[in-house]
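To keep things clear, I will list the structure first and then write my remarks on it.
None of these values were measured; they are calculated from a predicted model. We count ligands from 1, going down the list as the structure has it; atoms in each ligand are counted the same way.
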Amino acid sequence: MSETTDPGEHTVEQLQDELAAIDSPRELEGMLDAEKDGQQRKTAQEAIRARMREVGPAEGEVVEEGTETEGEYRESADEVEGDQEGATSASDEGAGESSGASDADDLALDPAEYDIAEFGPAIKGVDDADELEAILAAEESGEDRDNVKTLIESRIDKVTEDAEETEGEIDPSDLSTAELGNALQGIDDEERLQEVLDAEQSGEDRSAAVNLIQNRIDSVQEEEAPEEIEVVPPEEKHPDLDHPTADKQYVKAIEDGDYRDMWVYCETQAGELIDVSKEMLGKARDLMDTYNDDYETDERVVAVLIGSDVEKHIEDVIAYGADVVVHHEDDRLERFQHKPYTELFCDMARWGGDPTADEGPNEADWRDYDEPRYTVFPATNNGRDLSALVQGELDSGLASDCSDLYIEEAMISNPAKTGRPGTKKEFERVLHMKRPDFSGFEYSTILCLDNPTREFHPQGASVIPGSFDLPEPDHDREGEVVEHDLELDDDWLRVSVTDHDQLDEGVDLTGHEVVVAMGRGIGDDPTKGMELGIDLADAFEDAGLGVSRGIVTGSYEFDGHVERYTAEERQIGETGQVVEPDLYIAAGISGAVQHKVGMDESETIVAVNTDPDARIRDFSDFFVEGDLFEVLPELTAALESGELDVEAVAADGGATDD
Ligand code: FAD
């Protein structure tokens, strides 16, 4: 490294100016090392790496044919300090690896074959750092997904650390006391030191050696002792402010709480157990079976039924996967109401106990833990309300509208969670809650983690209907049934339904053979676009016209004769209708996941879109790359002239696009 450029002497801004004048790869490498040994600023390291990529490799370094020079500069993985926020965060470290570095056939695992949810568990099966490097290279030269790269880098860190631990093992009986003293300086892991101590004590048991090891343990403990975090309740810290949440003392009252089981709120509508309740039970069953194997424990799936005459669903929820059913019957709860449903669910979760009282929460005979470990609700209108209220009342968090769930460890570096800046902490048994963002194309994985001074349980999610398969019921399964008993407070029932009327049912798109759905692709001439959709639907014998939410919430100005076709009652998707026609024609629709869940069970899907990379192409049987203003009239004309045989198209539903 150049003696004149020490990154530690510069702010990142100054460093960027300095870097522009440095052309020596060796000097840059030295600076990177110095930064890593010194201040460890990620932004500074990134700036140096960027410059390394610009200047290329050192003269005389061998660059394989077909590889990109920038590959020379990717750090070895154990040097990479990727953000460790589990699957939620992206690693922005490291430049790209050589494009020809990996042949998918030679890889222990080809990342291109996995989505992020499947990739996390799969990568755990690879223990070889070189193989992991090759997988990382393949990802970088392929899809280059930040979250996948973070997972690979974390795995490389883990296997490298494990390997270093094994390499560094010392047997005190091979060493003199002086040699032992020196060797101990290289170990800062308390567990390993304890092993050395045990080995010495069960072997030669030399008092000088025992003292040395014990002293080393003491000094490591001192180094590791977390900085004391002073906890001042917000009410004391800011007495001048109004504190509407000052009564939220429930979770704060639990320290080192005992959390178990996955609770599933099983919603009923008009007396029927809805499909998403069964889907969640099936998923919960799978998750907890794996969980129990992984952690050698016996935590359960607990189904919660609240309402009037919900007892009749008990057998079903057991058949779909529950080990325990907690139910509360009350005729006054025929319809969902926020207050009593929330109070009842929370009371079940606390089991009537007052955690702030000395004796803590009550113990029911069927459970003896403070709170559920996980809660899962349906992302229906009522489920969304209930989930937010329950999780708020229990003073925890909620990931809403999730499309996947899995449980695994998460390595976290956020000081708010670790309690100490610059350290990493592994959280166990974390429910990873994967959800689409508002665009419907990107996914985040939400984690609900304890803080050093406050615990957050249950880890809660609401789940988009249709995200999980409907499981096969097993009517031979057995489960425990618990009747919940609590007097409903009249105040909770201030809203009572004295009379009701059935609203106009609106438009039902579910029974048609064909559905033509219009999306924001009509934007150039919204009224004309809708007219073309109506014409196409009319050309079929039995077709309904639907729209994406993009149309419903858009601020298009439609002429009166088409406006009624753009109302919410025609919306297809997660928050609209779910249709499964023989033929679904999506015109000018991008294919956001919230739309997809409402139509992807259709027999044959035809998409018309100007963008050849539109996501809808991934789940269409036929993709017409083109302008709907041109394509739709042609389709209509072909249908009307009999030139297009729709039955043949629908029958050929498995064919590829174009
Ligand atoms: P865009 O995403 O804007 O796509 C327009 C498409 O038209 C693009 O692919 C473009 O290439 C193409 N295009 C442009 N011009 C033309 C042309 N002349 N000819 C052909 N193609 C053209 N959405 C739903 O649909 N249903 C739901 O139930 C739903 N529920 C939601 C619930 C939540 C909680 C959230 C957050 C979102 C929900 N959404 C829902 C919204 C969803 O995320 C998308 O924003 C929406 O589906 C996008 O609609 P779109 O495809 O019409 O528009």
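- Distances from atom 45 (O) of ligand 1 to the heavy atoms of R520, M518, R384 show the closest one on R520.
- Residues S444 and K434 form no side-chain contact, since every pair of their non-hydrogen atoms from C-beta on lies 4.5 Å or further apart.
- Considering backbone and side-chain N/O of G591, none are found under 3.5 Å from N/O of ligand 1.
- Distance from atom 46 (C) of ligand 1 to its nearest protein heavy atom, with residue and atom name: G550 N, 4.1 Å.
- Listed by chain and residue number, V507, A567 satisfy the side chain to side chain contact (heavy atoms under 4.5 Å, CB included) test with E569 (two or more places apart in sequence, or in another chain).
- Scanning both residues, S548 and G519, for their nearest heavy atoms gives OG-CA, 3.5 Å.
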Stepwise ring pair (Phe, Tyr, Trp, His ring centres under 6.0 Å) check, Y406 with Y291: CA-CA 10 Å; Y406 56 98; Y291 175 98; over 10 Å; no
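- Proximity to G626 (heavy-atom distance under 4.0 Å) selects the following atoms of ligand 1: 19 (N), 20 (C).
- Classification of D401 and R384 as a salt-bridged pair holds, one side-chain N sitting under 4.0 Å from a carboxylate O.
- Of all atoms in ligand 1, listed by their number and element, those nearer than 4.0 Å to a heavy atom of T575 are 27 (C), 28 (O), 29 (C), 30 (N), 31 (C), 32 (C).
- Of the charged side-chain nitrogens involved, at least one lies within less than 4.0 Å of a carboxylate oxygen, so that D309 and K312 count as a salt-bridged pair.
- For G576, the closest heavy-atom approach to ligand 1 falls below 4.0 Å.
- Counting protein heavy atoms only, atom 14 (C) of ligand 1 is closest to G521 CA, 3.5 Å.
- Using a 30° and 60° split on the angle between ring planes, Y114 and F119 fall in the perpendicular class, above 60°.
- Tested against M280 for a side chain to side chain contact (heavy atoms under 4.5 Å, CB included), the candidates D275, V463, L405, V301 yield a single pass: V463.
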For the pair E139 and R145, evaluate side chain to side chain contact (heavy atoms under 4.5 Å, CB included) and give the outcome as yes or no after the intermediate values. CA-CA 7 Å; E139 178 61 26; R145 294 161 294 182; 2.9 Å; yes
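- Not one N or O on the side chain of S396 forms a donor-acceptor pair closer than 3.5 Å with the backbone of Q459.
- Near G519, the atoms of ligand 1 lying under 4.0 angstrom from a non-hydrogen atom of the residue are 52 (O).
- Nearest protein heavy-atom neighbour of atom 50 (P) of ligand 1: S548 OG, 3.5 Å.
- The closest protein non-hydrogen atom to atom 1 (P) of ligand 1 is S590 OG, 3.5 Å.
- Residue contacts with ligand 1: D524 is excluded, as none of its non-hydrogen atoms falls under 4.0 Å.
- Close approach of ligand 1 to I572 (heavy-atom distance below 4.0 Å) involves ligand atoms 24 (C), 25 (O), 26 (N), 27 (C), 28 (O).
- In terms of protein heavy-atom proximity, atom 12 (C) of ligand 1 is nearest to N609 OD1, 3.3 Å.
- For atom 43 (O) of ligand 1, the closest heavy atom belonging to the protein is Q594 OE1, 2.8 Å.
- Each of R429, E371, E455, R373 was checked for a side-chain hydrogen bond (donor to acceptor under 3.5 Å, both in side chains) with Y259, and the lone residue meeting it is E455.
- Only the side chain of D401 comes within contact range of ligand 1, with a heavy atom under 4.0 Å; no backbone atom does.
- Nearest non-hydrogen protein atom to atom 44 (C) of ligand 1 is A592 CB, 3.6 Å.
- From the protein, the heavy atom lying nearest to atom 7 (O) of ligand 1 is G588 O, 3.1 Å.
- With respect to D395 and R454, a salt bridge is recorded, a charged nitrogen being found less than 4.0 Å from a carboxylate O.
- Residue contacts with ligand 1 do not include A379, since none of its heavy atoms lies under 4.0 Å from the ligand.
- Atom numbering of ligand 1 starts at 1 in the shown order; those under 4.0 Å from a heavy atom of D627 are 17 (C), 18 (N), 19 (N).
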